[in-house]
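To start, the structure under review is shown below, and the notes come after it.
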Number of protein chains: 2
Amino acid sequence: MKSNITMRDIANKLGVSSVTVSKALNDKEGVSEELKQKIKALAGEMGYRYNSAAKSIKDGLSKNIGVLIPERFTGMSHSFYLRVYQQISLLLDQYGYFGILNILSNEDEELLNFPRVYSENKVDGIIVLGQISKKYIETVQNMDLPKVFLDFYDEHADIDSIVTDNFYGAYEMTNYLIRNGHRRIAYVGNIYSTSSIQDRYLGYYKSLLEHGMQLDHSLILSDRDDKGKFIDIALPDPLPTAFVCNCDQIAYLLVDKLKLNGYSIPEDCSVVGFDNDIYATLTSPQLTTVEVDIEQMAKSAVKFIMDKIENPHRKFGRVMVQGNIIYRQSARQIDAEDREISST
Amino acid sequence: MKSNITMRDIANKLGVSSVTVSKALNDKEGVSEELKQKIKALAGEMGYRYNSAAKSIKDGLSKNIGVLIPERFTGMSHSFYLRVYQQISLLLDQYGYFGILNILSNEDEELLNFPRVYSENKVDGIIVLGQISKKYIETVQNMDLPKVFLDFYDEHADIDSIVTDNFYGAYEMTNYLIRNGHRRIAYVGNIYSTSSIQDRYLGYYKSLLEHGMQLDHSLILSDRDDKGKFIDIALPDPLPTAFVCNCDQIAYLLVDKLKLNGYSIPEDCSVVGFDNDIYATLTSPQLTTVEVDIEQMAKSAVKFIMDKIENPHRKFGRVMVQGNIIYRQSARQIDAEDREISST
DNA sequence: CTGAAAGCGCTTACAG
DNA sequence: CTGAAAGCGCTTACAG
């Protein structure tokens, strides 16, 4: 169909063999410098382009990495995953690789079908971006290919995974609030919903423990149902002095609700988020939050997969990527008097 | 390196030739139904996977499409392009294709380097997503491959392009405001900045013309400098009764500013946006805006590129994708009295 | 219905 | 330094 220039074409024009052309173009030993330059020049003129399929078939490497994102993380509010994918794609470039996005349909996940990117042998490794079902984790493990889980993990699987340090992020954030005088602190999130929400909750809890504070179950506020659909958040009475939200979007919604009820942030209560996504700066006042280090996460994922392509037996285990607290205006120090009143 | 199962392996186990295996697995003529089933069953058992590189080398098709996004459209607020890419990727799947994201670095664009996806022969066609420099358009045209421009066009280039119908979108929107009694209507946007902003401006102007209204240059309000950085929007005095903003994000910022100045939306003035992106629903009140039909744009792009792979001489020209006005709360009808006062 | 032969574009030993 | 031979995994004529 396409009339592509091949090495043979170049060889014929110059009256040499295609082996010599191959050596010249790949800067291999065994061609005189002069001939090499002549070959390269002609290749340029003729618009020669490398046939990567032919190379693939020889060394068995496609030079592509599949990025598998479950369909349900694919909506407008999930642009987080797309940004991670973009970052991955940028980093792969440095290794001479490309990223192929393969959105895993709910159906394929349900039926445990291999992703097409795998069954068609299009990639040398797969990064699974976003939590998949337990069953499908098994399917992934059956794939004979290096793979890495990104942004989630599974307790049983011994697959290498990279997650944000949800636990310590929430822990540090809660510490910060306590240092600033808060004693009545709520956690907002359905703690049975995802591992991220649960781990952030546990970090919050650890901070309370370390400060000798009681866990008050009436201050654990669910934000979504089992399907992940947001629900109305019930405000405790009396109001906590601070809310640790499991994500910025929920913090944004909570701030809205608090304002509607006549409260000012951070005067009447502090609200902190997690993720540092677009909602963090759209909330007014802007949110104090934990920034997820997308770049570092992508960097680790790419590094791991590259290492595993070279050495399939390489193991990395579960790796946490540290986040950073971004201090903005949604949290404030409260003085002793406030504390007394609110800690009743 | 990898110990992959090949057709020959299956053939050997069954004591047939690899030609027969190939025919069976591809549902081609020339194998008895019985043998075919046996081969397929064994292939399944052995975990056979198609080697797409070997197929590529035969028919010259990589079954990949490159999506080229200029680096500068790559930031957090440009998730629009990523959503388009995602949609493209989903649609390609239906054709048995995959999408490879190739972010075009500023450097490569400057130096007029071919995208790697092209020089390494990784794709059968390229979708350029987002405006590239004039010079680079030439580079793209020199690529011996089907290509489509998405979300921008160039007057000289005879490359097929798909754009949102900016002109008619803004035209219809302005008509709507005029029907609702508005006579003093501002346009917000630097009309020299991008073709989209300019075309939307012209649509606004056409609507004024058709209604016998004067173009008032003091009501053309710039929103960004030449680098695209947002600047403070100067509010005209007296205030217009409506603002047609070139995008939702600017409408969001404008609403903020108007509120700070003590105005209520839509009571004191109406504000409409364009894009129907995340800012449309984050603004309070939510924005009446023009929804860009991402799905249709992606669909056309994919359709065109597929058609051109089959027949390289196929031409489509510049194709407009219609948007839809989404009616929300940021615009209202004004009565005759308001009109009198404000049209002085 | 079944398979031997040739070839896609390239690279890897190996020989000269 | 240069190249003939063989092979990567598959498919396409073609012959039996």
Side-chain angles (χ1 to χ4, degrees), chain A residues 1-40 42-43 46-64 96 118-124 144, chain B residues 1-40 42-43 46-64 96 118-124 144:
Chain A
M1 184 127 200
K2 285 196 310 183
S3 60
N4 270 329
I5 317 270
T6 70
M7 287 189 179
R8 175 168 300 281
D9 296 331
I10 299 175
N12 286 157
K13 270 219 170 156
L14 250 34
V16 299
S17 81
S18 61
V19 175
T20 301
V21 174
S22 170
K23 285 175 186 158
L25 259 25
N26 287 298
D27 287 315
K28 293 251 165 93
E29 303 267 287
V31 205
S32 67
E33 189 58 30
E34 197 195 332
L35 182 53
K36 182 158 130 185
Q37 293 313 329
K38 227 155 93 184
I39 289 173
K40 285 195 170 179
L42 185 59
M46 295 175 71
Y48 171 75
R49 289 181 291 146
Y50 200 83
N51 185 324
S52 52
K55 164 108 179 161
S56 272
I57 212 178
K58 290 291 299 182
D59 58 16
L61 288 177
S62 66
K63 294 284 182 173
N64 293 138
Y118 175 72
S119 45
E120 292 179 16
N121 240 317
K122 287 280 220 173
V123 297
D124 305 333
D144 176 25
Chain B
M1 183 129 201
K2 286 196 311 184
S3 60
N4 270 328
I5 316 270
T6 70
M7 287 187 178
R8 174 167 302 281
D9 297 332
I10 299 175
N12 287 158
K13 270 219 169 155
L14 250 36
V16 299
S17 82
S18 61
V19 176
T20 301
V21 174
S22 170
K23 285 174 186 161
L25 259 25
N26 288 297
D27 286 316
K28 292 249 165 92
E29 302 268 285
V31 205
S32 67
E33 188 59 29
E34 195 194 335
L35 182 52
K36 182 157 129 185
Q37 293 312 331
K38 227 155 95 184
I39 289 173
K40 285 194 172 183
L42 184 60
M46 296 176 72
Y48 171 75
R49 287 181 295 144
Y50 201 84
N51 185 324
S52 51
K55 164 108 180 162
S56 271
I57 212 179
K58 291 292 299 179
D59 58 16
L61 289 177
S62 65
K63 296 283 184 172
N64 293 139
Y118 175 72
S119 45
E120 292 180 14
N121 240 318
K122 285 281 217 173
V123 297
D124 304 333
D144 178 25

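Only a predicted model underlies this, so the values are computations on that prediction, with no experimental measurement involved. Residue numbers start from 1 in every chain, and the chains themselves are labelled A, B, ... in the order their sequence lines are given, proteins ahead of strands.
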In whole Å, what is the span from the [atom1] atom of [X] to the [atom2] atom of [N]?
X: B:I57; N: D:dG9; atom1: CD1; atom2: P; result: 12 Å
X: A:Y50; N: C:dG9; atom1: OH; atom2: C1'; result: 10 Å
X: A:L61; N: D:dC8; atom1: CG; atom2: C1'; result: 13 Å
X: B:D59; N: C:dG7; atom1: CG; atom2: C1'; result: 14 Å
X: B:K58; N: D:dT11; atom1: NZ; atom2: P; result: 9 Å
X: A:I5; N: C:dG9; atom1: CD1; atom2: P; result: 11 Å

Query raised in the report: Does D:dA13 have a Watson-Crick or wobble partner in any strand here, with both distances under 3.5 angstrom, and which is it?
Result: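 None - no nucleotide pairs with D:dA13, as no candidate has both distances under 3.5 Å.
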
Report summary line: If pairing means Watson-Crick or G-U wobble with both distances under 3.5 Å, then the partner of D:dA4 is none

Please list, pair by pair, any protein nitrogen or oxygen found under 3.5 Å from a nitrogen or oxygen in nucleotides 2-5 of chain C.
| residue | atom | partner | partner atom | Å |
| --- | --- | --- | --- | --- |
| C:dT2 | OP2 | B:S32 | N | 2.9 |
| C:dT2 | OP2 | B:S32 | OG | 3.4 |
| C:dG3 | OP2 | B:S17 | N | 3.2 |
| C:dG3 | OP2 | B:T20 | OG1 | 2.7 |
| C:dG3 | N7 | B:K23 | NZ | 3.4 |
| C:dG3 | O6 | B:K23 | NZ | 2.6 |

Under-4.0 Å side-chain N/O to phosphate OP1/OP2 contact, [X] with [N]:
X: A:N51; N: C:dC8; answer: no
X: A:K28; N: C:dT12; answer: yes
X: A:Y48; N: C:dG9; answer: no

Query raised in the report: Is there a donor-acceptor pair under 3.5 Å between the side chain of B:D59 and the backbone N or O of B:L61?
Result: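 Judged by distance alone, yes, a pair lies under 3.5 Å.
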
If you look at every heavy atom in [X] and [Y], which pair is closest and at what distance?
X: A:I57; Y: B:A53; result: N-CB, 4.2 Å
X: A:D9; Y: A:T6; result: OD2-N, 2.8 Å
X: A:A43; Y: A:L25; result: CB-CD1, 4.1 Å

**Report entry** side-chain contact (heavy atoms from CB on, under 4.5 Å), paired with A:S17, selected from A:L14, A:V21, A:V19
**Finding:**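 When A:L14, A:V21, A:V19 are each tested with A:S17, the side-chain contact (heavy atoms from CB on, under 4.5 Å) holds only for A:V19.
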
Query raised in the report: To the nearest 0.5 Å, how far apart are NZ in B:K40 and OH in B:Y48?
Result: 12.5 Å

